[in-house]
Amino acid sequence: MEAKYIFVTGGVVSSLGKGIISASLACLLKARGYRVTIQKFDPYINIDPGTLNPYEHGECYVTVDGHEADLDLGHYERFTNVQTTRANNVTTGRIYQSVIDKERRGDYLGKTVQIIPHITDEIKRNVKMLGNTGQYDFVITEIGGTVGDIESLPFLEAVRQLRWELGTDALCLHLTYVPYLKAAKELKTKPTQNSVKQLQHIGIQPDILVLRTEKDIPQDMRRKIAQFCNVAPDAVVQSIDRPTIYEVPIMMHEQHLDEIVLKKMDVDFKGQPDMAPWLEFLYKLQEAEEEVTIGLVGKYVELQDAYKSINEALFQAATYSDHKLNLKYIHSEKLTDANAEELLGELDGVIIAPGFGQRGIEGKFAALKYCRTHDIPTFGICLGMQCMVIEFARNVLGYADANSTEMNPTVQHNVIDLMEEQKSVSNMGGTMRLGAYECALRPESRVARAYGSTTVSERHRHRFEFNNAYRDQFERAGMQCVGENPATHLVEVVELPDKRWFVGTQYHPEYSSTVLNPNPLFIDFVKAAIEYGRERAEKK
C-alpha cells in the first residue's frame with residue numbers, strides 16, 4: 001500500500017513523552033505486520049545535537065550511518081528493532097541550511113526565498129522522503145517542542161498542508177497533559193482544551209488525543225474533552241504513568257490506539273498484534289525479585305538522560321537475567337582514591353561512562369584503579385575505555401604522566417592520541433569517527449565469547465584512539481587488545497583476562513541494544529556482576 005503518515009504533536013508542557021507514544025504506536029503497528037519507521041523533527045537551529053552539551057539536550061544518539069541524532073531515536077530503535085539513519089532526524093538548522101544552499105546555487109531563479117513556500121516545502125520533502133522509498137507502510141513523524149512555540153510554527157504549517165494534500169493518508173495525534181491539582185483534588189481539562197485550540201488556530205484538527213496523566217481520567221471527563229476539542233469520544237485515550245516505559249505499548253493497545261489509527265486511515269485489518277516476545281520481556285521484568293547493583297561513574301549524573309542508552313541497555317540486560325536493576329549514579333568529580341571504597345565497595349559492577357574533556361577524569365582513574373585491584377566487574381565505554389588504558393599505563397606500566405592528548409596535548413606518554421584522520425579537522429560538528437564500523441575480535445577472548453562471534457559491527461563517536469606504539473607493552477603486562485578494526489587496525493576492545501570481567505570498548509554497544517535484541521556485551525557484563533554479587537553475599 002501507499003505510505004501513510006502519522007504526525008505526533010504535543011501541547012501544554014514539554015517532556016510529556018511524545019517519543020514514547022510514537023515508539024509505542026510504531027511497536028504495535030509493526031507487531032501487526034506493517035513496515036514502520038519514525039522520524040523526529042527538532043525545532044532548534046543547530047544542524048544536529050552533536051555539539052550540544054548533554055545538560056542542554058541529554059544524550060546524543062548515533063545512527064548506523066553516522067548521524068548524530070536526538071535521543072528519541074534511541075527509543076524508536078529500542079521499541080521497533082528497526083535501525084534509523086540521518087533521514088530519521090531533521091532539525092530547523094538542517095532545513096535552513098538546505099534552503100540557503102539552494103538559494104546560493106540559484107535554484108530559486110531569483111525569487112524571494114520565504115518561510116512559505118520554501119521552508120515548508122523543504123520540510124514536506126523531508127517528511128515524505130522515507131515514505132517515497134517504498135520501504136514503509138507507515139511513517140510516524142514526531143514534531144519536537146510544544147504547540148505555541150514560535151520555533152515549531154514552520155513544521156506545524158507543513159503538517160497542516162500535508163494533511164490537506166494527503167487526505168486519509170495523513171493523521172494527527174496530539175499528546176497533552178491533564179494535571180491533577182492536589183489542593184482541589186481535581187483533574188483539570190482546560191490546559192488540554194487550550195492546547196487543542198492553539199493547534200486548531202494553526203489550522204490542524206487533531207484526529208486522536210492522548211492524555212498524559214498521573215491519575216485515571218473518568219470516562220465522562222474524556223467525553224467532555226472530546227466534545228470541547230471536536231474529537232470522536234472513542235479517539236480520546238489516556239497515558240497514565242507506569243512503572244516502566246515498556247508497559248506503554250500494552251497500555252495503548254488495551255485502549256485500542258492501533259485500531260483507532262488503522263480505522264481512521266481506512267486500512268483493513270484483522271486479528272491482534274503479535275506482542276508475545278514483548279509480553280515475555282514484561283513478565284520477566286515483573287517477576288524478577290533479586291537485584292543487581294551497578295554503579296555508573298560519569299560527570300553528567302545529575303541528568304540521567306545524558307546516559308539514556310546505557311541505562312536502558314543495563315535495564316534490558318538485568319531483566320533478561322531475571323534481576324531488577326539498581327543503578328547508582330556516582331559523580332566522577334567527587335570520586336577519589338580516598339573515598340573509592342565507600343562509593344564503590346558495595347557494588348556488583350561498575351560502568352565507566354563515555355564523555356569528553358578533562359572535568360571528572362581523575363575520578364574515573366580512581367574508580368578504575370579500585371575496580372581493577374579489587375577485581376570488580378568493570379565496563380569502560382569510549383572515554384571509559386581510554387581511561388582504562390591510561391590508568392593501566394600509570395599504575396601497571398609505571399608511566400606516571402600517561403594521558404590522552406585530549407587532556408594534555410604535550411604529554412610524553414600519549415597512550416591515547418588524536419586519530420590521524422582527525423588532525424586536519426577544524427569544524428567540530430559531525431566530524432568525529434561516527435557510525436557503525438566492523439570490529440574483528442580475537443577468538444576465545446571474553447568479548448568474542450559474549451558475542452558468540454569473532455566479527456561484530458558497532459557504532460562509534462570519538463576523535464581519539466589507542467596509540468598502537470604502546471600495544472606490545474600493554475599486552476606483555478596483561479592488558480590484551482582483543483578487538484580491532486580490520487581496515488585500520490584501530491584498537492576497539494581491551495580486556496584483562498585475569499579479572500572476572502574487565503572490558504573496555506572504543507565503540508558504543510549501548511546504541512544497538514533493543515528490547516527484543518539486548519546487546520550481548522551488556523548481558524555478559526550483568527551476568528558477571530550477578531555472579532560477583534552472589535560471591536560477596538556468600539562471604540558475609
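In what follows, every heavy atom counts, from backbone to side chain, and hydrogens, waters and symmetry copies are set aside.
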Undergrad: Are more than 12 heavy atoms, taken from residues, nucleotides or ligands other than Asp268, located less than 6.0 Å from that residue's CG atom?
TA: no
Undergrad: Out of curiosity, Ser195 OG to Lys190 NZ, how far, rounded to the nearest 0.5 Å?
TA: 13.5 Å
Undergrad: Donor-acceptor pair, distance only, cut-off 3.5 Å: does the side chain of Lys30 make one with the backbone of Thr80?
TA: yes
Undergrad: Mind listing the closest non-hydrogen atom pair of Met275 and Pro249 along with its distance?
TA: CE-CB, 4.1 Å
Undergrad: Checking side-chain hydrogen bond (donor to acceptor under 3.5 Å, both in side chains) for the pair Tyr329/Asn311: CA distance, chi angles, key distance, verdict?
TA: CA-CA 10 Å; Tyr329 295 92; Asn311 299 354; 2.9 Å; yes
Undergrad: Strictly below 4.0 Å, N to O, side chains only: are Glu510 and Lys308 in salt-bridge contact?
TA: no
Undergrad: Between Glu312 and Gln316, is a side-chain hydrogen bond (donor to acceptor under 3.5 Å, both in side chains) present by the stated rule, with each step listed?
TA: CA-CA 6 Å; Glu312 298 306 319; Gln316 294 154 11; 5.0 Å; no
Undergrad: Are the side chain of Tyr177 and the backbone of Leu16 linked by a donor-acceptor contact shorter than 3.5 Å?
TA: no
Undergrad: Any side-chain to backbone donor/acceptor pair from Arg461 onto Leu434? Under 3.5 Å, distance only.
TA: no
Undergrad: How about Asp121 and Arg125: do any of their side-chain heavy atoms sit closer than 4.5 Å?
TA: no
Undergrad: So that I can tick it off, tell me whether Glu68 and Arg433 are bridged by a salt bridge, with the cut-off set at under 4.0 angstrom between side-chain N and carboxylate O.
TA: no
Undergrad: How long is the gap from NZ on Lys263 to CG on Asp258, to the nearest 0.5 Å?
TA: 10.0 Å
Undergrad: For Arg104, does the CZ atom have more than 12 heavy-atom neighbours from other residues, nucleotides or ligands under 6.0 Å away?
TA: no
Undergrad: Salt bridge check: are Lys40 and Asp42 linked by an N-O gap of less than 4.0 Å?
TA: yes
Undergrad: Can you tell me how far the CD1 atom of Ile208 sits from the SG atom of Cys172, to the nearest 0.5 Å?
TA: 9.0 Å
Undergrad: Would Thr213 and Leu187 satisfy side-chain contact (heavy atoms from CB on, under 4.5 Å), going step by step from the backbone distance to the final call?
TA: CA-CA 9 Å; Thr213 177; Leu187 287 160; 3.8 Å; yes
Undergrad: Would you confirm whether Arg86, through its side chain, and Thr63, through its main-chain N or O, come within 3.5 Å as a donor-acceptor pair?
TA: no
Undergrad: Check this for me: Lys128, atom NZ, are more than 12 non-hydrogen atoms of other residues, nucleotides or ligands nearer than 6.0 Å?
TA: no
Undergrad: Apply side-chain contact (heavy atoms from CB on, under 4.5 Å) to the pair Phe41 and Thr92, showing each step before the final yes or no.
TA: CA-CA 8 Å; Phe41 281 21; Thr92 294; over 6 Å; no
Undergrad: Where do Cys229 and Leu209 come nearest, in terms of heavy atoms and distance?
TA: CB-CD1, 3.9 Å
Undergrad: Quick one, Leu314 and Phe525 - any side-chain contact, counting heavy atoms below 4.5 Å?
TA: yes
Undergrad: With under 30° as parallel and over 60° as perpendicular, where do the rings of Phe281 and Tyr246 fit, or are they tilted in between?
TA: perpendicular
Undergrad: Could you check whether any side-chain N or O of Thr91 sits under 3.5 Å from a backbone N or O of Asn46, counting only pairs where one atom can act as donor and the other as acceptor?
TA: yes
Undergrad: Just by distance, no angles: are the side chains of Tyr44 and Asp70 close enough, under 3.5 Å, to form a donor-acceptor pair?
TA: no
Undergrad: What verdict does the salt bridge (Lys or Arg N to Asp or Glu O under 4.0 Å) test give for Arg163 and Asp207, after you've listed the backbone C-alpha separation in whole Å, the side-chain angles of each residue and the deciding distance to 0.1 Å?
TA: CA-CA 11 Å; Arg163 289 287 310 285; Asp207 300 282; 3.1 Å; yes
Undergrad: Could you tell me whether a side-chain N or O of Tyr96 sits under 3.5 Å from a main-chain N or O of Ile119, the two making a donor and an acceptor?
TA: no
Undergrad: Do His174 and Val196 make a side-chain contact, defined as non-hydrogen atoms from C-beta onward lying under 4.5 Å apart?
TA: yes
Undergrad: So, the side chain of Gln255 versus the backbone of Gln238: is there a donor-acceptor pair under 3.5 Å, distance only?
TA: yes
Undergrad: Taking side chain as C-beta onward, heavy atoms only, is Leu71 less than 4.5 Å from Asp305?
TA: yes
Undergrad: Per the side chain to side chain donor-acceptor pair (under 3.5 Å) rule, which among Asp72, Thr85, Asn88, Thr141 passes with Gln39?
TA: Thr141
Undergrad: List the atom of Lys324, the atom of Ala318, and the distance in Å for their closest heavy-atom pair.
TA: C-CB, 4.4 Å
Undergrad: Measuring from atom OG1 of Thr319 to atom CZ of Phe315, what distance do you get when rounded to the nearest 0.5 angstrom?
TA: 4.5 Å
Undergrad: Are Leu490 and His462 packed together at the side-chain level, in the sense that at least one heavy-atom pair is separated by less than 4.5 angstrom?
TA: yes
Undergrad: Report yes if some heavy atom in the side chain of Glu458 is under 4.5 Å from a heavy atom in the side chain of Val64; otherwise report no.
TA: no
Undergrad: Near Lys215 NZ, under 6.0 Å, is it more than 12 heavy atoms from other residues, nucleotides or ligands?
TA: no
Undergrad: Considering non-hydrogen atoms only, spot the tightest contact between Val526 and Ala317 and give its length.
TA: CG2-CB, 3.6 Å
Undergrad: Please verify the inter-ring angle class for His460 with Tyr437; under 30° counts as parallel, over 60° as perpendicular, anything in between as tilted.
TA: perpendicular
Undergrad: Would you check if His67 and Asn89 make a side-chain contact, meaning some heavy-atom pair closer than 4.5 Å?
TA: yes
Undergrad: So, Ser98 versus Asp101: side-chain donor-acceptor pair below 3.5 Å or not?
TA: no
Undergrad: Given the ring of Phe138, does Lys4 sit roughly above its face, with NZ or CZ under 6.0 Å from the centre of the six-membered ring and within 45° of the axis?
TA: no
Undergrad: Determine whether more than 12 heavy atoms belonging to other residues, nucleotides or ligands lie under 6.0 Å from atom CD1 of Ile45.
TA: no
Undergrad: If you draw the axis of the six-membered ring of Tyr76, does the NZ or CZ of Arg78 fall within 45° of it and under 6.0 Å from the ring centre?
TA: no
Undergrad: Can you tell which of Phe379, Tyr511, Tyr451 makes a ring pair (Phe, Tyr, Trp, His ring centres under 6.0 Å) with Phe522?
TA: Phe379
Undergrad: Would the distance check show the side chain of Glu142 and the main-chain N or O of Phe7 forming a donor-acceptor pair, the cut-off being under 3.5 Å?
TA: no
Undergrad: Please give me the minimum heavy-atom distance between Arg212 and Ser15, naming the atom from each residue.
TA: NH1-O, 4.4 Å
Undergrad: Could you tell me whether the side chains of Gln205 and Gln200 share a donor-acceptor contact shorter than 3.5 Å?
TA: yes
Undergrad: Between CD of Gln198 and CG of Asp149, what distance do you get to the nearest 0.5 Å?
TA: 9.0 Å
Undergrad: Scan side-chain atoms only and decide if Glu438 and Thr455 contain a donor-acceptor pair under the 3.5 Å cut-off.
TA: no
Undergrad: Donor-acceptor pair, Glu259 side chain versus Gln272 backbone, under 3.5 Å?
TA: no
Undergrad: Nearest 0.5 Å, please: how far is CZ in Phe79 from CD1 in Ile21?
TA: 9.0 Å
Undergrad: Examine distances only and state if a side-chain atom of Asn519 and a backbone atom of Ser512 form a donor-acceptor pair shorter than 3.5 Å.
TA: no
Undergrad: With the side chain counted from C-beta on, respond yes when Val515 and Pro518 share a heavy-atom pair under 4.5 Å apart, and no when they do not.
TA: no
Undergrad: Does Lys188 have any salt bridge (charged side-chain N to carboxylate O under 4.0 Å, His left out) partners at least two apart in sequence or in another chain, and if so, which?
TA: Glu186
Undergrad: Just checking Glu280: does its CD atom have more than 12 heavy atoms from other residues, nucleotides or ligands closer to it than 6.0 angstrom?
TA: no
Undergrad: Identify the heavy atoms of Val12 and Pro191 that sit nearest to each other, and give their distance.
TA: CG2-O, 3.5 Å
Undergrad: Is it true that atom OH of Tyr180 has more than 12 heavy atoms of other residues, nucleotides or ligands lying nearer than 6.0 Å?
TA: yes
